[in-house]
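Report on the following structure.
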Amino acid sequence: MHQLHVRSRFVSAPARIVRPLLDRAMGAMLGYAIEWDGQAVTLPPVGDPDAAGVKFDYLDHHLDEPEFRVFKFVISMFASASRNQKRISVPVVLIPQPDDEDGWPVVSVATPKSMGGDRVARHLGFLYERYISQLGDHALDRLAEQSEGEIHCTAILTRDLDEDYYSLNFDDPDDLKYAPVDINLDLPRARELANAIERFFTANDIDHDLEGRQRTDHVLARLSFFEAPEVSVGPLSLTTQAGSVGEASSLTIRSGDTLIGHVAFGHLFLNDERHRPAVLDGLRKLDIPAAQPRATGDIEWAPNDPPNTTADWRVGGFRFRWAERSGPSKQTFARYNPTTKKLWVEDQRLVAPACVYAARLGLDVAEVGLPPRRWTLGETVWRGHLRDLAYDRTPTDSPFTVRPLNPLLFSLVPRSVFGAIPGLRELGRPTGATGEDHEPAMLLERFGAHRSTLFPDSTSTGALGTCRICERPAGEFLTPICTESLVYCHRCLATAATGLPATERALAEATTRATVAVRALAAAEFDGAAFVEAQLDTVHGDPEQPVPAADIDARILQRIAITRGRLAWTRILIDAGLADNGIRRSRGTVLKAVDGHLCSSMLEKAVDDFLHQNGIGHTREPLYPYDEQFNPNTRRRADWLLSDGTFVEMWGMPNDTAYAGKMAEKTELAARHRLQFIGLTPEDVGRLSEIFAHTPRDTGA
């Protein structure tokens, strides 16, 4: 018998018995019923004009300016309503989508097909995960199958009648933010809707497990078919990829520029399972150990026909994924617990390909487990059975702390650097059992790329030592700029090459710590002079005057403190006292304006000073909106953004051909998105008062 543990997220054991009975009784009394005409499923309005409705998230997703899209939708719906109408109802649809990469259910709220556009263009937001989870396992997915993939419902739109909507320009995002509107879904509470869904399937005699069977059919079809023709594998190249804290590092395998797969935990994980024989042979020639395939026994799956499967490998457990036309699915059909050696499979019909794939990986499968209902592993089996929780980064039921760094390090860098980096402890080694405890240290050091970059003239001694930063096992090496041998693990060197990560909210803190570190590095490596960020790639020193290992330790730690590629480097140099009079660049000098803004030329400084002196609110280097042709990476910036939403550019070299091309692109970009836009040339500096005569002044200036 399989050991199964049923998990409940929200209620205690007694409540799990009583609440469903109460919910069914309440549902029967309220009489909320789902409508179906044989093609379209409709969740009718609740019918309570005072109900707040069900909120959804239209801010936290990856579309450009999503709140403006929703505001424009609401305003357009009110366009045909009378001026004194505060509340209206409009049709919308719910579109279940594949679960996200963390396994959370995803349901899009969108405008109906009749309004035109594809699913991306119609998307308004997402239902909150808690509401979806309370409905039951894939309840909305099952409803959508009866309704051509989209469930019809109603949205409640409200507005504030005290606001003068009709004077606003709804094509202007700056105007839209002054139009207070609200949008909610006219749906019942989750428990009430869950009961209605249950009654819907019972009343219409629809197989509750239809979705599960159809999903299994789809997965089997995808596992049996490779979309692209098989290509031959050429000579292999390997590099070490450092794992984050609590996760194992791996060897990345490439053939030319093509990513082939990884070696992790002693197993070979491939992007295309058909390559396994060739890649295993290539690894053998490179003396790289990897588990060999095991015998599959009597399994109803062609032994020479590999399933189109990939694995998400993590410390504590592996997830098996099938392939879609666009790439690996984000969902899983099987999970392997390396501690219990148990393979959990979502459906009995998927056991054969899961076992075949596990055997190809070289996994030792001692037992196969199934959920009580197909495709319910995550809901009906305790996660501690599916993976070893001792490896979780933040478990609630087992200790997991991070060992402090070598205490001798704290005297090597300014105290303010360590004070600004609480996250530096994550370079320490976890004290709990993790995959990195069993990492092949010398093998990973052999293919590490960062040491040769940071120390170009280094040579390995072939000995295994202890990392001077975090005390992990690491390879020992010599460098002519140091009087002693050095030992830094591939993880610490990888962090030194990129710096500690920083979120948008933490950039100010990252700038502060980087300023301290840059000041110290300038004194140690660059004779106290300013240097460019790219020079951090190599640890500088004089082979004629090598320094002790502690000095090299400090230079590594200072690099760790500097987040790469995201900080205003010029500001750091100025704040570090390395460029008080400006920094020469190929096309001008960086100077501080009166208000502290950094300007790349005297022309820009003149404009910035004028804006400041005349009380015109402005920020430096704002991002332009996304544009598929002219700003696909959303990195293109203007010189200023005024407080009234106007983008301002100072065209410093309009006669340069390449520069003029960029001018034309930015001008077209602004026109496409109907941005207020001012382009200045050097001749305009003398008439800034005229150009900005009608620009609003900040009252507090």
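Just so it is clear, the model here is predicted, and its values are computed rather than measured.
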Quiz item: Hey, is the main chain of Val92 close enough, under 3.5 Å, to the side chain of Arg122 for a donor-acceptor pair?
Solution: no

Self-check item: Nearest heavy atoms of Ala242 and Ala494, plus distance in Å
Solution: CB-CB, 3.9 Å

Self-check item: Short side-chain to backbone donor-acceptor contact, Gln558 and Ala520, under 3.5 Å
Solution: no

Quiz item: Would you call Asp608-Lys605 a salt bridge at under 4.0 Å N-O?
Solution: no

Quiz item: How long is the span from the NE2 atom in His490 to the CZ atom in Arg451, to the nearest 0.5 Å?
Solution: 13.0 Å

Quiz item: Can you tell if the side chain of Leu94 reaches within under 4.5 Å of the side chain of Val109, non-hydrogen atoms only?
Solution: yes

Quiz prompt | Ala561 versus Ala517, closest heavy-atom pair with distance | solution = CB-CB, 4.0 Å

Quiz item: Side-chain contact, heavy-atom cut-off 4.5 Å: Val54 with Tyr128?
Solution: no

Self-check item: Sub-4.5 Å side-chain heavy-atom contact between His673 and Leu669
Solution: yes

Exercise. Measure the shortest side-chain to side-chain distance between Asp627 and Arg636 over non-hydrogen atoms and say whether it is less than 4.5 angstrom.
Key: no

Exercise. Verify whether the ring centers belonging to His612 and His597 lie closer than 6.0 Å.
Key: no

Exercise. Identify the two heavy atoms, one from Thr681 and one from Met650, that lie closest to each other, and give their separation to 0.1 Å.
Key: C-CE, 3.2 Å

Quiz item: To the nearest 0.5 Å, what is the distance between CD1 (Ile562) and CG (Leu567)?
Solution: 8.5 Å

Quiz item: Any side-chain heavy atom of Trp569 within less than 4.5 Å of one from Val518?
Solution: yes

Quiz item: Are Ser326 and Glu324 close enough that a side-chain donor and a side-chain acceptor fall under 3.5 Å?
Solution: no

Quiz item: Should Arg620 and Glu604 count as an ion pair when the cut-off is N to O under 4.0 Å?
Solution: yes

Exercise. Determine yes or no for a side-chain-to-main-chain donor-acceptor pair under 3.5 angstrom, with His540 supplying the side chain and Thr538 the backbone.
Key: yes

Exercise. Assess whether side-chain contact (heavy atoms from CB on, under 4.5 Å) is satisfied between Leu688 and Leu680, documenting all intermediate values.
Key: CA-CA 9 Å; Leu688 296 178; Leu680 303 173; 4.2 Å; yes

Quiz item: Between atom CZ of Arg697 and atom CD1 of Ile616, what is the distance when rounded to the nearest 0.5 Å?
Solution: 4.0 Å

Quiz item: Closest approach of Ala502 and Thr563, non-hydrogen atoms and distance?
Solution: CB-OG1, 4.0 Å

Practice problem: Begin from the C-alpha positions of His618 and Asp595 and carry the test side-chain contact (heavy atoms from CB on, under 4.5 Å) through to its verdict. | Solution: CA-CA 10 Å; His618 59 287; Asp595 58 4; 2.9 Å; yes

Quiz prompt | Contact summary for Ile560 and Cys492, nearest pair of heavy atoms | solution = CD1-O, 4.2 Å

Quiz item: Can you tell me how far CD1 of Ile552 sits from CD1 of Ile481, rounded to the nearest 0.5 angstrom?
Solution: 4.0 Å

Quiz prompt | Evaluation steps, side-chain contact (heavy atoms from CB on, under 4.5 Å), between Leu642 and Leu611 | solution = CA-CA 9 Å; Leu642 305 187; Leu611 298 174; 4.0 Å; yes

Exercise. Determine yes or no for a side-chain-to-main-chain donor-acceptor pair under 3.5 angstrom, with Asn631 supplying the side chain and Pro625 the backbone.
Key: yes

Self-check item: Residue pair Arg130, Ile132: steps toward the side-chain contact (heavy atoms from CB on, under 4.5 Å) verdict
Solution: CA-CA 5 Å; Arg130 181 178 177 84; Ile132 302 172; over 6 Å; no

Quiz item: Taking atom CG of Asn633 as the centre, does the number of heavy atoms from other residues, nucleotides or ligands within less than 6.0 Å exceed 12?
Solution: yes

Exercise. Taking atom types as modelled, find out whether Thr515 and Arg571 have a side-chain donor-acceptor pair closer than 3.5 angstrom.
Key: no

Quiz prompt | Heavy-atom side-chain proximity of Gln97 to Phe126 below 4.5 angstrom | solution = yes

Exercise. Specify the closest pair of heavy atoms between Arg519 and Asp575, including all atoms of both residues, with the distance to one decimal.
Key: NH2-O, 3.4 Å

Self-check item: Under 3.5 Å side-chain donor-acceptor pair for Gln629 and Arg672
Solution: yes

Self-check item: Side chain Ser249, main chain Gly243, donor-acceptor under 3.5 Å
Solution: yes

Quiz item: Taking only residues two or more places apart in sequence or in another chain, which ones pass side-chain contact (heavy atoms from CB on, under 4.5 Å) with Glu649?
Solution: Tyr624, Ala638, Asp639, Trp651, Lys666, Phe677

Exercise. Kindly say whether Gly565 contributes a backbone atom to a donor-acceptor pair with the side chain of Glu533 at under 3.5 angstrom?
Key: yes

Quiz item: How many angstroms lie between atom OG1 of Thr646 and atom CZ of Phe692, to the nearest 0.5 angstrom?
Solution: 8.5 Å

Exercise. State whether Arg555 and Asp551 are salt-bridged, where the test is any N-O pair (Lys NZ or Arg NE/NH1/NH2 against Asp/Glu carboxylate O) under 4.0 Å.
Key: no

Quiz item: Does Arg321 reach the main-chain N or O of Lys330 with its side chain, forming a donor-acceptor pair under 3.5 Å?
Solution: yes

Quiz prompt | Flag side-chain contact, heavy atom, 4.5 Å: His123 against Ile95 | solution = no

Exercise. Could you tell me the separation between the CZ atom of Phe447 and the OG1 atom of Thr239, rounded to the nearest 0.5 Å?
Key: 9.5 Å

Quiz prompt | Contacts of type side-chain contact (heavy atoms from CB on, under 4.5 Å), residue Glu621, not counting sequence neighbours | solution = Arg637

Quiz prompt | Arg491 and Cys470, any side-chain heavy atoms less than 4.5 Å apart | solution = no

